[in-house]
Amino acid sequence: MASTSVVPADTRFPDGRLPAVDASASAYGDDVRTGPDGHPNADDLAGIAERQRQQGHPGVALQLAERVLTYAPDNAQALKTQISSLSNLGAHRRAEQLREQYQPNWPQATQRRFDADVATVAIRDGIQEQARLERRHYYVTSNTELEKSLDSLNANLERFPPGSEASLRTRFDRLVVWRRLNRFEPVIDDYQALQRESANIPTYAKGPVAEAYLARRQPQTAARLYREVIDANPQAPLSVRTGYYYALIESEDYAGAAQQLARLDDRTPTWRYRENETAAPVPNWERSEIDRLRVRDAAYRNHEDVALDRATTLYRAAPRNTDVINALATAERARGWYQQAQATIALAKGYAPNDKATRLNIAENAQDLEAFTRWRATSEALAEQFPSDSAVRRNRLEWLDRQHFSVEGQGSVGSSHGGDAVNGSQDGDYQLRLNSPWSEGGYRAYVEQSYQWGEYDEGAQRHGRQGLGVERQWLRRHWWAALSGERLNDDLGLDLGWSQWLGDHWQYQLRTQTQSPETPLRAERDDLDGRLYQTQLTWRQNESREATLTLGALDISDGNLRSDISADLTQRIQASAHHQTRLIGSLSAEHNRDVDADYYNPENQRTAGITLEHDWLTWRRYDRSLTQNLALGAASEWESGYGGAPGYEASYGHTWQLTRTWSINYGIGWESHAYEGEREKRWYGQFGFEGGL
């Protein structure tokens, strides 16, 4: 840091080399006299050496000063030039040793520069020590040397005059140290102060400032600073070039990020350059980082299959590399294969149990597997050790979210024309639910309120229920039990359910309700109740393909048994960073006992339909986003006694993620179906929300 660049020597030494050691004075130039001992005059050569240093040629200056000192060891100018040249070339420790040994009479500004050089050496050594200890997972002591260097910088700033060259350089160096210690706020604050003072901030300090802005969720500013550093030096450190990629991703500039990744991929060879072609090849460690970045890039673009293929290829090439193993586990988890990811993480833990990335992977996968004890213990330890890490902090906050009450609600209102067999002329419903915090064992209580109404020719029908229940979720198992009724003292009903995942691909669910809300509203008017029995089997291949089979029976107290079977297959047919499209095929059949009923009750119904759904992530800013949702559906519907008829549905809505824990959704829709031979068209609107309290 802060070293002087070496440039070609001037015309006095055009090839950058000095004359022979025993050359005469004239070999150095006509202005060099011969000394009394036959050597070139020491003062003349020492003066030339200092001018060479000041003109930006510290290498030549150092050689010339050391040559003078071989026969004039007490020459003060040669000694000063030697020390200054060593400092210019980055050999600060050696320069400091000579300065302490000879204690030359420096100008005050020069002395301050050497004090700054000593601090620079401490920073460089501290960064190297931090990297060494982190590679060995000694995180607790990894910052010790950098903390000491920060103390030295602050002490220097108290001694250096404000605005002096040494003071400014010390402030630039302090930006680097603050960043390495993850103290992002002081980095940004002092950078802005330097800008107000019109300081010319060097590129080596702009990279850490860009990282601080990125960590504090100001990606546009970070991208601009990264770009300035790269424009000044296309071979900037890899952290700067990859940081620019992340800044573009977090700015939602996926096209620009793709271009930057392509440049990184093209310009980062697998093997390092070798001057001696006969020597053994040296792997380029930067290539591994780029390869893992390509895995993450595919995941960012919702190309989970590509991410997994790339991660698997890396794993086959380096099966004991913990970074690669963690990348593979993350790719597996993105596909919904949590148990497979857990087995992969176990490999990384076996090789490096104290590695931060491995431990974070354990915490995140424990969250998905609902292994709450392991999740809590791991996230607590990580948060204590790495409080400034954004991924660690987010995982910890998601655990703490479970300790808060939450609320959710959904409602709709519709208007129908052309028939009133099902919905009447007006209809509506809503469901509200308040959840208690989760216990550590995965238990929580809840209360809920549901209400539905409809306007029919014979008058309005309304029905509301309140419920109180308890549920437990753990290890991807879920059971619940609730009592519900009108004002909790009339027509009490019981809702029981159980679901469980069997591996990563199969889930089953069982449910029964003694006062089911599936009972038709007109049946409720006649004081009828329905008992529901339902089982569901789900097969999930990955994030793109899923199938569900549902069997149900509604036993209504008028003697009607309504049995149904349905199956659907969901296939994602397109995915990118901001767009996802799914095609859903569905089949269903329903049979009702032939009973005299006032509610809609065909003996048999069959439906075969297809629906196209598209989600457009229109805007996103970290935890806040807007997604537009569009669905178009068509079906062939058949009803006993009336034959077949087409059915159509269309809906459009918005989903707003307001904060990390709060979201709302709303939309409108239109549908057209035939009931009892009459075409009913219905417009409807819906609104929903959920969040933590």
Side-chain angles (χ1 to χ4, degrees), residues 254 295-312 328 330-341 368 476 499-509 534-552 564-590 605-618 620 625 627-638 644 646-655 657 665 667 669-673 686 688:
Y254 279 76
V295 175
R296 291 190 288 271
D297 180 77
Y300 296 154
R301 298 171 192 276
N302 293 316
H303 298 160
E304 293 86 354
D305 55 339
V306 176
L308 182 60
D309 287 345
R310 290 175 178 176
T312 302
L328 176 60
T330 302
E332 291 169 340
R333 189 166 63 250
R335 306 219 75 181
W337 303 344
Y338 307 130
Q339 291 192 352
Q340 184 170 328
D368 291 324
R476 306 191 82 191
S499 72
Q500 180 178 359
W501 278 91
L502 304 174
D504 287 328
H505 301 289
W506 293 93
Q507 181 196 32
Y508 72 91
Q509 177 178 290
Q534 188 179 78
T535 182
Q536 187 176 83
L537 181 65
T538 298
W539 170 76
R540 188 179 188 276
Q541 183 179 16
N542 49 50
E543 77 294 332
S544 298
R545 185 176 296 127
E546 181 177 306
T548 301
L549 175 66
T550 305
L551 301 173
D564 64 84
I565 180 172
S566 64
D568 60 72
L569 172 65
T570 301
Q571 174 65 55
R572 193 176 70 177
I573 59 176
Q574 180 276 334
S576 63
H578 298 103
H579 294 271
Q580 295 193 59
T581 308
R582 294 173 298 278
L583 196 61
I584 304 171
S586 60
L587 297 171
S588 66
E590 180 182 282
Q605 274 186 306
R606 292 192 292 271
T607 303
I610 189 168
T611 302
L612 185 70
E613 294 182 345
H614 183 78
D615 296 333
W616 175 19
L617 180 57
T618 311
R620 177 169 54 191
S625 64
T627 302
Q628 299 187 63
N629 315 109
L630 175 67
L632 300 172
S636 174
E637 302 170 341
W638 182 88
Y648 309 99
E649 294 187 14
S651 65
Y652 171 76
H654 290 166
T655 300
Q657 189 69 41
N665 63 84
W670 173 87
E671 58 185 352
S672 175
H673 302 279
Q686 63 84 25

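Computed from a predicted structure; not experimentally measured.
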Salt bridge Arg335-Asp305, side-chain N to carboxylate O under 4.0 Å: no

Shortest non-hydrogen separation from [X] to [Y] and the atoms involved:
X      : Y      : answer
Trp638 : Gly644 : CD1-N, 3.6 Å
Val295 : Ala311 : CG2-N, 3.7 Å
Leu587 : Ala608 : CD2-CB, 3.5 Å
Ala547 : Leu569 : CB-CD1, 3.9 Å
Ala307 : Ala298 : N-CB, 3.6 Å
Ser576 : Asn302 : O-ND2, 2.8 Å

What distance do [X] atom [atom1] and [Y] atom [atom2] have between them, rounded to the nearest 0.5 Å?
X      : Y      : atom1 : atom2 : answer
Thr581 : Leu612 : OG1   : CG    : 6.5 Å
Ser544 : Arg572 : OG    : CZ    : 3.5 Å
Ser651 : Glu613 : OG    : CD    : 7.5 Å
Gln534 : Leu551 : CD    : CG    : 9.0 Å
Gln509 : Trp501 : CD    : CH2   : 11.5 Å
His578 : Gln580 : NE2   : CD    : 11.5 Å

Heavy-atom distance under 4.5 Å between the side chains of [X] and [Y], does that happen here?
X      : Y      : value
Val306 : Glu304 : no
Asn665 : Gln686 : yes
Ser625 : Leu617 : yes
Thr535 : Tyr508 : no

Stepwise side chain to side chain contact (heavy atoms under 4.5 Å, CB included) check, Gln574 with His614: CA-CA 9 Å; Gln574 180 276 334; His614 183 78; 4.1 Å; yes

Criterion side chain to side chain contact (heavy atoms under 4.5 Å, CB included) on Ile565 and Leu549, from CA distance to verdict: CA-CA 7 Å; Ile565 180 172; Leu549 175 66; 4.1 Å; yes

Is a side-chain donor-acceptor pair under 3.5 Å present for [Y] with [X]?
X      : Y      : value
Thr550 : Gln536 : yes
Arg540 : Gln507 : no
Asn629 : Thr655 : yes

Full working for side chain to side chain contact (heavy atoms under 4.5 Å, CB included) between Trp539 and Glu546: CA-CA 6 Å; Trp539 170 76; Glu546 181 177 306; over 6 Å; no

Donor-acceptor pair, distance only, cut-off 3.5 Å: does the side chain of [X] make one with the backbone of [Y]?
X      : Y      : value
Asp309 : Thr312 : no
Asp368 : Arg333 : no
Asp564 : Ala589 : no

Side chain to side chain contact (heavy atoms under 4.5 Å, CB included) between Glu332 and Asp504, worked out: CA-CA 10 Å; Glu332 291 169 340; Asp504 287 328; over 6 Å; no

